[in-house]
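Next up is a structure, given as structure tokens.
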Amino acid sequence: MRYGTGILPVDAASARRVADTYDTAEARTERERTLELLDPRAGEQILVVGIGPGQLLDEVARAVGPGATGVDPDPVMVTLARRRCGTRAVVTQRALAGPGSLPGGPYDAVACLQVLEFLEDLPAAVAELYRVLRPGGRLLVLDTDWTSLHWPGPGQDRHRRIRDAWCTTVPRSRLPYELGPLLQRAGFDGEWTRRMPMRGPASTGYGAALREMVADAAPGRCGLTRADVDAWASGVASCGDEPFSVDRWFLGAVRP
């Protein structure tokens with residue numbers, strides 16, 4: 001299993017491993033909150049950027065009827081999303097980048113999920129999100145403050161080193177604190193934020209999957225050896241139901 005930047009998979013096996021995290025209890029709770037904040041309405045045109053295996057897109061499609069579109073750069077995620085959504089939504093393989101990288105529009109709402117933190121040219125991506133929204137259209141962004149990542153168990157200095165190593169794999173590990181001014185400069189209005197900590201057992205569900213991703217990425221970073229990381233992962237796995245936590249942030253805005 002190999003990962004490229006952060007949790008972005010670079011092969012089919014790692015893509016399917018990431019896809020499995022969408023079925024965890026933690027991800028389902030987050031999806032319910034995302035759907036509530038996005039507030040899809042019948043007849044709307046809505047774009048979901050970063051659909052993963054398509055669970056949220058499918059729920060959006062069921063709410064709006066014809067008019068749901070989803071994009072993801074990973075071919076495995078696109079295949080899984082098409083299988084899940086069928087004819088209820090249009091699914092295309094695309095990556096958010098600069099002008100013209102997103103399909104169609106104008107949309108009544110755009111949800112951009114765990115995407116912006118991995119991009120180098122953030123102003124160009126935000127400008128593209130602005131472009132595809134209609135006047136009055138809603139933007140909902142979900143990203144993570146990876147510097148808030150906390151693992152249970154003794155040896156907090158080692159936990160911090162592991163966290164710092166993981167943060168080096170994410171171009172914008174504190175994106176929620178950067179995004180507001182960028183939205184304003186792009187022309188968005190009415191910005192708001194909501195913190196939503198993700199918290200769950202370190203040894204099962206999303207926590208176990210994230211632990212494996214971190215353990216795969218950390219060796220060779222911040223002076224950590226494979227043995228250091230394996231010892232850390234084993235210690236976290238032995239914590240059972242003790243929780244890990246990380247802060248997710250919802251950020252919203254409107255195109256005037």
Side-chain angles (χ1 to χ4, degrees), residues 15-16 18-97 99-116 125-143 179 183 186-194 196 248-256:
R16 291 184 181 278
V18 171
D20 288 344
T21 68
Y22 286 75
D23 290 321
T24 62
E26 296 90 344
R28 287 194 295 272
T29 297
E30 185 175 85
R31 195 157 52 247
E32 290 170 1
R33 182 63 171 148
T34 305
L35 196 66
E36 177 185 343
L37 291 172
L38 183 61
D39 188 24
R41 304 156 195 171
E44 286 191 321
Q45 299 285 319
I46 293 184
L47 174 66
V48 180
V49 181
I51 55 175
Q55 286 95 328
L56 180 73
L57 179 62
D58 192 41
E59 294 187 48
V60 168
R62 293 176 187 276
V64 303
T69 300
V71 300
D72 200 286
D74 187 86
V76 173
M77 298 299 186
V78 168
T79 297
L80 293 173
R82 284 174 175 162
R83 188 179 303 161
R84 180 181 300 274
C85 297
T87 60
R88 288 184 295 276
V90 175
V91 177
T92 59
Q93 185 180 343
R94 291 197 187 209
L96 172 60
S101 59
L102 294 178
Y107 295 99
D108 297 289
V110 174
C112 185
L113 310 174
Q114 295 289 115
V115 171
L116 294 179
V126 171
E128 178 67 355
L129 294 171
Y130 185 93
R131 181 189 71 80
V132 298
L133 278 166
R134 66 166 177 79
R138 314 182 302 279
L139 174 67
L140 178 67
V141 174
L142 172 64
D143 275 291
L179 189 57
L183 293 176
F188 283 101
D189 198 3
E191 297 85 7
W192 55 265
T193 60
R194 301 282 190 282
M196 183 179 176
R248 304 276 210 217
W249 287 85
F250 290 104
L251 301 97
V254 174
R255 173 174 175 170

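The shown structure was predicted, so the numbers you read here are calculated from the model rather than taken from an experiment. Residue numbers start at 1 and run along the sequence shown.
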*Nearest heavy atoms of G70 and I51, plus distance in Å*: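 For G70 and I51, the tightest heavy-atom pair comes out as CA-CG2, 3.6 Å.
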*Minimal non-hydrogen separation, L133 against P106, with atom names*: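 Shortest heavy-atom separation between L133 and P106 comes out as C-CB, 4.1 Å.
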*R31: salt bridge (charged side-chain N to carboxylate O under 4.0 Å, His left out) partners, not counting sequence neighbours*: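 By the salt bridge (charged side-chain N to carboxylate O under 4.0 Å, His left out) rule, R31 matches E59.
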*Qualifying salt bridge (Lys or Arg N to Asp or Glu O under 4.0 Å) pairs with a residue from residues 42-51, counting only residues at least two apart or across chains*: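 Sorted pair list: R41-E44, E44-R138.
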*Check against side chain to side chain donor-acceptor pair (under 3.5 Å), Q55 and D23*: CA-CA 9 Å; Q55 286 95 328; D23 290 321; 2.9 Å; yes
*From CG (L38) to CG (L142), nearest 0.5 Å*: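 So the CG of L38 and the CG of L142 are separated by 11.5 Å.
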*Only counting residues at least two apart or in another chain, list the ones meeting side chain to side chain contact (heavy atoms under 4.5 Å, CB included) with E32.*
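None.
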*With sequence neighbours left out, write down each residue that passes side-chain hydrogen bond (donor to acceptor under 3.5 Å, both in side chains) with R88, or none if nothing qualifies.*
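Counting only residues at least two positions away or on another chain, R88 forms a side-chain hydrogen bond (donor to acceptor under 3.5 Å, both in side chains) with D58.
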*asked:* Could you work out, with salt bridge (charged side-chain N to carboxylate O under 4.0 Å, His left out) as the rule, every residue matching R33, not counting sequence neighbours?
replied: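 With sequence neighbours excluded, R33 shows a salt bridge (charged side-chain N to carboxylate O under 4.0 Å, His left out) to E36, given in chain and number order.
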*Start with the C-alpha distance between I46 and V110, add both sets of side-chain angles, then the distance that settles side-chain contact (heavy atoms from CB on, under 4.5 Å), and finish with yes or no.*
CA-CA 6 Å; I46 293 184; V110 174; over 6 Å; no
*To the nearest 0.5 Å, what is the distance between CZ (R62) and CG (L57)?*
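Between R62 CZ and L57 CG, I get 11.0 Å after rounding to 0.5 Å.
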*Residues two or more places apart in sequence or in another chain: which of them pass side-chain hydrogen bond (donor to acceptor under 3.5 Å, both in side chains) with R194?*
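Counting only residues at least two positions away or on another chain, R194 forms no side-chain hydrogen bond (donor to acceptor under 3.5 Å, both in side chains).
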*Residues in side chain to side chain contact (heavy atoms under 4.5 Å, CB included) contact with T29, at least two apart in sequence or another chain*: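 Result, side chain to side chain contact (heavy atoms under 4.5 Å, CB included) vs T29: M196.
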_Partners meeting ring-ring contact (aromatic ring centres under 6.0 Å, His included) with Y107 (sequence neighbours left out)_ =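 Result, ring-ring contact (aromatic ring centres under 6.0 Å, His included) vs Y107: none returned.
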_Under the side chain to side chain contact (heavy atoms under 4.5 Å, CB included) test, residues paired with P256 that sit two or more places apart_ =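 In terms of side chain to side chain contact (heavy atoms under 4.5 Å, CB included), with neighbours along the sequence ignored, P256 is linked to Y130, D189.
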_Nearest atoms (heavy-atom pairs only) where D72 meets V78_ =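 Taking D72 first and V78 second, the nearest heavy atoms are O-CG2, 3.4 Å.
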*Sequence-distant partners of R28, side-chain hydrogen bond (donor to acceptor under 3.5 Å, both in side chains), two or more places apart*: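 Testing R28 for side-chain hydrogen bond (donor to acceptor under 3.5 Å, both in side chains), a comparison that skips the adjacent residues, returns none.
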*Test side-chain hydrogen bond (donor to acceptor under 3.5 Å, both in side chains) applied to R131 - qualifying residues, sequence neighbours left out*: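 Scan of R131 (side-chain hydrogen bond (donor to acceptor under 3.5 Å, both in side chains), adjacent residues dropped) gives E128.
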*Donor-acceptor pair, side chain of R94 and main chain of V71, under 3.5 angstrom*: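 No, R94 side chain to V71 backbone: no donor-acceptor pair under 3.5 Å.
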_Under the ring-ring contact (aromatic ring centres under 6.0 Å, His included) test, residues paired with F250 that sit two or more places apart_ =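 So F250 forms no ring-ring contact (aromatic ring centres under 6.0 Å, His included) with any residue.
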*Taking all heavy atoms of L47 and all of P103, pick out the closest pair and write down the distance.*
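The pair with the smallest heavy-atom distance is CD1-CG, 4.3 Å.
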*Rounded to the nearest 0.5 Å, what separation is found between the CG atom of D39 and the CG atom of L37?*
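Reported value, rounded in 0.5 Å steps: 9.0 Å.
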*Atom of L116, atom of A125 and distance for their closest heavy-atom approach*: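 Shortest heavy-atom separation between L116 and A125 comes out as CD2-CB, 4.0 Å.
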_Does L179 form a side-chain contact (heavy atoms from CB on, under 4.5 Å) with V126? I'd like the steps, not just the answer._
CA-CA 9 Å; L179 189 57; V126 171; 4.0 Å; yes
*What heavy-atom pair brings C112 and V115 nearest, and what distance separates the two atoms?*
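Smallest heavy-atom distance, with atoms named: SG-CB, 3.8 Å.
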*Would you please test T79 and R83 for side-chain contact (heavy atoms from CB on, under 4.5 Å) and show each step?*
CA-CA 6 Å; T79 297; R83 188 179 303 161; 3.6 Å; yes
*Nearest 0.5 Å please: distance from the CG atom of L139 over to the CG atom of L251.*
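If we round to the nearest 0.5 Å, L139:CG and L251:CG are 8.5 Å apart.
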*Report yes or no: does D108 contribute a side-chain atom to a donor-acceptor pair with the main-chain N or O of Q45 at less than 3.5 Å?*
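Looks like yes, one N/O pair under 3.5 Å.
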_Full working for side-chain contact (heavy atoms from CB on, under 4.5 Å) between L56 and L113_ = CA-CA 10 Å; L56 180 73; L113 310 174; 3.2 Å; yes
